[in-house]
Amino acid sequence: MDSESIYKELNKIFKNVFDDDNIVVTAGTTADDIGEWDSLSHITLMFLIEERFNIKFKMKDVLTFQNIGEIVEYIIDTKASEKEENVI
Amino acid sequence: MLFNSMTFIGIFLPICIISILIAPKKFSNFVLLIASILFYIWGAPKDLYVILTVILSTFVGALCINKYPKYKLYTLISVILINLYQLFYFKYINFIVENLNNLFSLHISHLNIILPLGISFYTFQALSYVIDVYRGLVTPQKNIFKYALFVFFFPTLIAGPILRYTNIYKQIDNRELSLEKFEYGITRFIVGLGKKMFIANTLGLIVDKIFEQPPTDFSPIIAWLGAISYTLQIYFDFSGYSDMAIGLAAIFGFIIPENFSYPFISKSITEFWRRWHISLSSWFKDYLFYPLIRSNFNVWLLKTCPLCFNELLIYKINSIFILLIVWTIIGLWHGASWTFVIFGLYHGILLAMELLLKRKTKAKNIINEILKHSYAILAIIIGFVIFRAPNIFYCISYLKNMFGINPGQNLFYEYPYYFNNTDILIFILAIFCSCPLFAKFIESNKDNLIVKVFTHIGCILLFVFSLAIIAESTYNSFIYFRF
C-alpha cells in the first residue's frame with residue numbers, strides 16, 4: 001500500500017470519528033492538534049484503523065505512537081512484512 | 001512518620017539533606033534508599049515484609065519476563081496475582097467477612113488486621129513497572145537497590161503521587177541537585193504544609209463535628225456547609241500532601257508529575273478527573289481500562305455485535321460498559337466500604353452520561369460556561385458527601401437534608417456551634433486558594449522584587465506558624481493514609 005492511499009483512508013476515519021469534514025491529517029499530526037482527541041476517541045481510532053488496514057497494534061504501540069507519521073510507518077512496515085511472508 | 005511532624009521536619013529531613021550533600025554522588029541513591037526504609041520502618045516496622053514482597057516479586061518478575069519471553073504472560077499473571085492477593089487480603093478480607101455475615105447471618109469473626117501504610121500506592125507503583133516491562137516500554141532494572149529506591153521512595157511512599165518507572169529510572173541514574181530545585185522544593189513543601197495545617201485541619205474539625213451528628217439534627221444550610229467544607233478539606237489535605245511530596249522529591253533532584261491541577265475550575269466531571277488525583281486516574285486508564293478494552297474477549301464482543309447501526313455508537317456503548325466497571329473498581333480502591341463503591345460508580349455514571357451527551361464544541365457562550373461549571377461543582381460536592389458518609393443510610397439521609405427532603409431543624413445556635421470567626425475566614429480563604437488566580441499572579445510577576453520579597457516572607461511565616469500548630473495539635477493524620 002502506498003503512503004498516499006493510507007493517508008486518504010486515515011482522513012476518512014478521522015473525519016468520521018471527530019464528525020468534522022475539515023480534518024486533514026499529516027505525518028506530524030498529534031493528539032494535541034485535535035481538541036476532541038482523548039483516551040476514548042484514541043481507542044476508537046485504533047480499532048477503526050486496525051479494522052480498515054487489517055492489522056493488529058500491540059499495546060505498546062497504542063500507548064507510544066507520537067504522531068500520525070508513526071502510525072503510517074507501522075502500517076507500511078506490517079504490510080511489507082506480510083507481503084514477504086506470502087512470497088516465501 | 002508524617003511529613004507534618006517535628007520528627008520529620010526537625011530531625012529526619014535535615015539529616016537526609018546533609019547526608020545527600022556530603023555523600024559522594026555515587027552513594028546518593030543508597031543514602032536515599034536507607035532514609036526511605038527508615039522512614040517506612042518508623043511508621044510500621046512489622047509491615048516491612050509486605051513491601052519487600054512487592055519489591056522482590058516485581059523485580060524478579062520483570063527480569064524473568066525479559067529473559068524468558070516465552071513464559072512472559074504466565075510470569076506477569078503470577079506477579080500480579082501475588083501482589084493483588086496481598087493487597088486484597090490486608091484491605092478487603094474483613095469487608096468480605098462483614099458482608100458474608102450480613103448476607104447469610106453467619107458469625108465469622110473479623111481478622112485482626114491493620115492495613116500496612118501506603119500499600120495501595122506502592123503496590124500499584126510496582127505493578128506499573130512490571131506491566132511496562134511486559135509491554136516492552138522499558139528494560140528491567142538489574143540493580144535491586146535502584147529498583148528498591150523506586151518503590152520505597154519516601155516522598156511518595158505513603159500517599160503518592162503514584163510514580164511511573166518510565167518517568168523515574170533515568171533520574172535514578174542521573175540527576176542534578178541544584179539550588180533552584182532546592183528552593184523550589186522547599187517552597188512547594190511549605191505551601192503543602194500550610195495547606196494541610198491551616199486549611200485542611202481546620203475544616204476537618206468542622207466536618208467531623210457535623211458528620212458525627214445524624215443528618216436530621218442540623219439544618220440544610222449546615223448540611224451544605226459541611227459538604228462544601230469536606231470537599232475543600234479533602235482537596236487541601238491531599239493536594240497539600242502531594243505538594244509536600246513533589247517538593248521533597250525536588251529537594252533531592254527528582255522531578256515528579258503533578259497530582260492536582262485546580263480541580264474546582266472544572267466544567268465537567270471528565271475534566272475533573274484530569275485535574276484530581278491525576279496519577280490515579282491515569283494509572284487505571286493505562287493498566288485497567290486500555291487492557292480491558294483491547295482484550296481479546298472485548299474485541300470478540302465488538303466483532304460479533306451486529307453493526308447494522310452506527311458503528312461509532314457501538315464503540316461508545318462498549319467503552320461506557322468498561323468505564324463503569326473500571327470506575328466501580330476505582331471506588332473500591334479507595335477503601336473497603338460500600339460508600340466508596342457507590343462513589344466510584346457515581347462518577348462512572350456521570351462520565352458515561354457526559355460521553356453520550358458530548359457535542360462538538362461551538363463558540364463559547366458565558367451562560368453555558370457558568371451552567372457547566374455549576375453542574376460540575378454540584379456533582380463534585382455530592383460525590384464527596386458519598387465519600388465522607390460513614391454508611392449508605394447516613395449518606396442518603398444527608399443528601400435528602402441538603403435537598404430539602406426531611407430537612408433537619410434549623411436551630412438558632414447552630415452556626416456558632418459549628419463555625420467560629422476563624423473558621424469562616426479559613427473557609428473563604430480555602431475557596432479563594434482553590435482557584436488559580438493567586439498562583440497565576442505570583443507566576444506572572446515573579447521577577448518583581450516586591451512580589452519576591454513578599455512570597456519569601458510569606459513562606460517563612462507560613463512555615464513558622466505551621467510548626468507552631470504541629471507542636472500543639474492533636475488532629476493530624478492525612479485522610480489518604482487510610483488507603
Side-chain angles (χ1 to χ4, degrees), chain A residues 6 8-25 29-75 77-78 81-82, chain B residues 72-73 76 128 131-139 164 166 268 270-271 273-274 281-296 298-303 305 307 310-323 326 351-352 354-356 358-362 364:
Chain A
I6 295 180
K8 214 165 134 193
E9 293 301 317
L10 285 179
N11 277 321
K12 275 195 213 157
I13 293 173
F14 272 75
K15 286 182 164 86
N16 183 15
V17 169
F18 296 110
D19 194 20
D20 183 356
D21 288 326
N22 297 324
I23 291 185
V24 175
V25 297
T29 310
T30 67
D32 295 332
D33 297 325
I34 300 178
E36 313 283 319
W37 192 337
D38 59 15
S39 32
L40 289 164
S41 38
H42 184 72
I43 287 284
T44 312
L45 284 170
M46 294 291 114
F47 273 140
L48 289 173
I49 295 175
E50 284 178 318
E51 210 181 355
R52 174 62 197 83
F53 295 97
N54 200 14
I55 53 176
K56 186 94 173 105
F57 294 123
K58 288 211 216 38
M59 186 62 82
K60 176 187 182 182
D61 306 315
V62 171
L63 292 172
T64 56
F65 280 137
Q66 293 294 330
N67 53 47
I68 302 294
E70 290 186 6
I71 301 181
V72 173
E73 246 178 75
Y74 182 92
I75 299 174
D77 287 341
T78 318
S81 52
E82 266 177 25
Chain B
K72 66 177 185 171
L73 185 58
L76 180 70
S128 85
I131 296 174
D132 281 348
V133 170
Y134 174 84
R135 286 174 173 171
L137 289 169
V138 72
T139 52
R164 301 288 182 94
T166 43
S268 65
T270 311
E271 190 183 349
W273 285 102
R274 290 196 197 119
S281 46
S282 74
W283 191 99
F284 273 101
K285 176 184 68 138
D286 288 341
Y287 300 105
L288 189 60
F289 183 74
Y290 276 8
L292 282 177
I293 274 214
R294 291 188 58 81
S295 65
N296 290 335
N298 195 52
V299 170
W300 170 83
L301 212 68
L302 282 167
K303 289 209 159 91
C305 204
L307 291 172
N310 188 348
E311 186 183 40
L312 286 183
L313 192 60
I314 302 270
Y315 284 120
K316 244 189 197 180
I317 295 177
N318 177 258
S319 302
I320 286 174
F321 234 157
I322 310 267
L323 200 74
V326 172
L351 290 166
E354 287 181 11
L355 182 63
L356 282 173
K358 198 157 86 158
R359 295 273 174 273
K360 247 168 60 191
T361 43
K362 296 174 200 137
K364 285 193 180 166

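The figures that follow rest on heavy atoms only: side chains count, while hydrogens, waters and symmetry mates do not. Chain letters run A, B, ... following the sequence lines, proteins first and then strands; every chain starts at 1. Model, not experiment: these values are computed from the prediction.
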Does any backbone or side-chain atom of A:Val17 lie under 4.5 Å from a heavy atom of chain B? Answer side chain, backbone, both or neither.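 For A:Val17, backbone and side chain are both near chain B.
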Under 4.5 Å from any heavy atom of chain B, what part of A:Thr64 do you find: side chain, backbone, both or neither?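 Only the side chain of A:Thr64 comes within 4.5 Å of chain B.
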Point-to-point distance, once rounded to the nearest 0.5 Å, from [atom1] of [X] to [atom2] of [Y]:
X: A:Phe47; Y: B:Asn318; atom1: CZ; atom2: CG; result: 7.0 Å
X: A:Ile43; Y: B:Lys316; atom1: CD1; atom2: NZ; result: 15.5 Å
X: A:His42; Y: B:Ile293; atom1: NE2; atom2: CD1; result: 11.0 Å
X: A:Met59; Y: B:Arg135; atom1: CE; atom2: CZ; result: 4.5 Å

So A:Leu48 and B:Leu312, side-chain contact (heavy atoms from CB on, under 4.5 Å) or not? Walk me through it. CA-CA 9 Å; A:Leu48 289 173; B:Leu312 286 183; 4.0 Å; yes
Report which part of B:Phe289 has an atom under 4.5 Å of a heavy atom belonging to chain A: side chain, backbone, both, or neither.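 Side chain of B:Phe289 only, per the 4.5 Å heavy-atom cut-off to chain A.
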B:Tyr290 versus chain A, heavy atoms under 4.5 Å apart: side chain, backbone, both or neither?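 Backbone plus side chain of B:Tyr290, per the 4.5 Å heavy-atom cut-off to chain A.
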Does any N or O in the side chain of A:Lys60 come within less than 3.5 Å of the main-chain N or O of B:Gly136, such that one atom is a donor and the other an acceptor?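 The answer is yes, because a donor-acceptor pair under 3.5 Å joins these two groups.
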With a 4.0 Å cut-off, would you call B:Lys358 and A:Asp38 a salt bridge?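 Between A:Asp38 and B:Lys358 there is a salt bridge, with a charged N closer than 4.0 Å to a carboxylate O.
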How about A:Lys58: does its NZ atom have over 12 heavy atoms from other parts shown lying under 6.0 Å from it?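 No, because the 6.0 Å sphere around NZ of A:Lys58 holds 12 heavy atoms or fewer from other groups.
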Hey, is OH on B:Tyr287 packed in by over 12 heavy atoms from elsewhere, all under 6.0 Å?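 Enclosed.
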Decide yes or no on side-chain contact (heavy atoms from CB on, under 4.5 Å) for A:Leu45 and B:Tyr315, but give the supporting numbers first. CA-CA 10 Å; A:Leu45 284 170; B:Tyr315 284 120; over 6 Å; no
Start with the C-alpha distance between B:Arg294 and A:Phe57, add both sets of side-chain angles, then the distance that settles side-chain contact (heavy atoms from CB on, under 4.5 Å), and finish with yes or no. CA-CA 10 Å; B:Arg294 291 188 58 81; A:Phe57 294 123; 3.8 Å; yes
